[in-house]
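For reference, the structure discussed in these notes is given below.
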Amino acid sequence: MTDSTGTTAVPAEADWENAPSLVEGAMSLELTAADCDLGYWLSAVPQGTLRGQIAGHAPDVVPLDITREPGPLNAALTQELAFRSIAEEKATRAISYLVALAPSLETMEFYATQLIDEARHSMVFRNHLTALGVTDLTAGVERLAGADRDAVLAPLEELGLRVLRDEGDFIGGVVVLTILVEGVLAPAAELSERKWRIFDPAVSDIERGAGIDEIRHLTVGSSVAREHLLAHPEDRPRILDLIVRGRRLWSELPVTDMVLRREALFQEGLDKHAGLVGDHEIWPGRRLVDTTVEERVGTALRWSEEMQSRRLAYMGLPEAV
């Protein structure tokens, strides 16, 4: 994959400057495992998305002092990053089963690259906690997100491991990961990138890079499921039942309570430092300082519903919406 000068060309969807937002890309792009094999990843991610920045941001891009210091902004962000680091770690471990169960070299290579992506996400979310004053990462992550891990992530992990480890169900695992985990959590990441841009531009850059990766994960996962169901229509009832059960589980988890708690802390810091934010827009035509907790959370939930609907329709499962 080279341009007219012989230089390796970075695909637009993986390019830092040209890639769409996570929500836009996940709802509009179509990528397959064959498109995103190991060769694609080696040229697109280290040379494009990361641009040589292993930490996910330039060294001179740092949080504002008011975000590093104890207070509501620090509390909101450290809780979020600790939770995200655990979620990405669990995703990495689960994806190892997808690599082992992959029915083709193309899907094996793709999920091997996704495993590396998720492990890197966990690392950069965790390591950025040190820039926010967390000195003991192991104890700090446990203190900040241990309860949310047990309440939210443990039940999801149990579902995923039952499908992948116990049942050896590759396509079921793809659906759980694509629709029931990443498809729900991705919009919150998009919101995070937008709302932290002033207070911590480094974490916004980290989210930007992770979001570019997630576009690939969501679109290829949807394609893998679509291709399987076209070839094996007899699996539709089983996959539909898995989605229904998974969405029911999501509705029973205290995800909204967790997000509302963090958004309330963010709102407290936003109100206190509104002058620093000024006219910064969280989305076109809407200033961040004019938003409320309910509006931001409601927008992320709407993005999630739209993404799931689009992906399920693409997979040929519109009745699962």
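In this structure, L276 and L64 approach most closely via the heavy-atom pair CD1-CD1, 4.3 Å. Looking at every heavy atom in both residues, L265 comes nearest to A75 through CD1-CB, 4.0 Å.
Every residue two or more places apart in sequence or in another chain was checked for a salt bridge (Lys or Arg N to Asp or Glu O under 4.0 Å) with E109, and none qualifies.
In this structure, the side chain of R310 engages the main chain of M27 through a donor-acceptor pair within 3.5 Å.
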For the pair S223 and E227, evaluate side-chain hydrogen bond (donor to acceptor under 3.5 Å, both in side chains) and give the outcome as yes or no after the intermediate values. CA-CA 6 Å; S223 171; E227 291 172 5; 3.2 Å; yes

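Enclosure of atom CZ in R51 by more than 12 non-hydrogen atoms of other residues, nucleotides or ligands within 6.0 angstrom is indicated.
Side-chain contact annotation: S122 with R126, donor-acceptor N/O pair under 3.5 Å present. For the residue pair E89 and S85, no side-chain donor N or O sits within less than 3.5 Å of a side-chain acceptor on the partner. No side-chain donor from either of W16 and D205 sits under 3.5 Å from a side-chain acceptor of the other. No side-chain donor from either of E263 and Q267 sits under 3.5 Å from a side-chain acceptor of the other.
In this structure, R262 is positioned above the aromatic face of F83, its NZ or CZ under 6.0 Å from the six-membered ring centre and within 45° of the axis.
Put simply, CD1 on I66 and CG on D200 are 10.5 Å apart, with the number rounded to the nearest 0.5 Å. In this structure, the separation between CG on L42 and CD on Q47 is 8.5 Å, given to the nearest 0.5 Å.
If you look at W41 and F110, their ring centroids are not closer than 6.0 Å.
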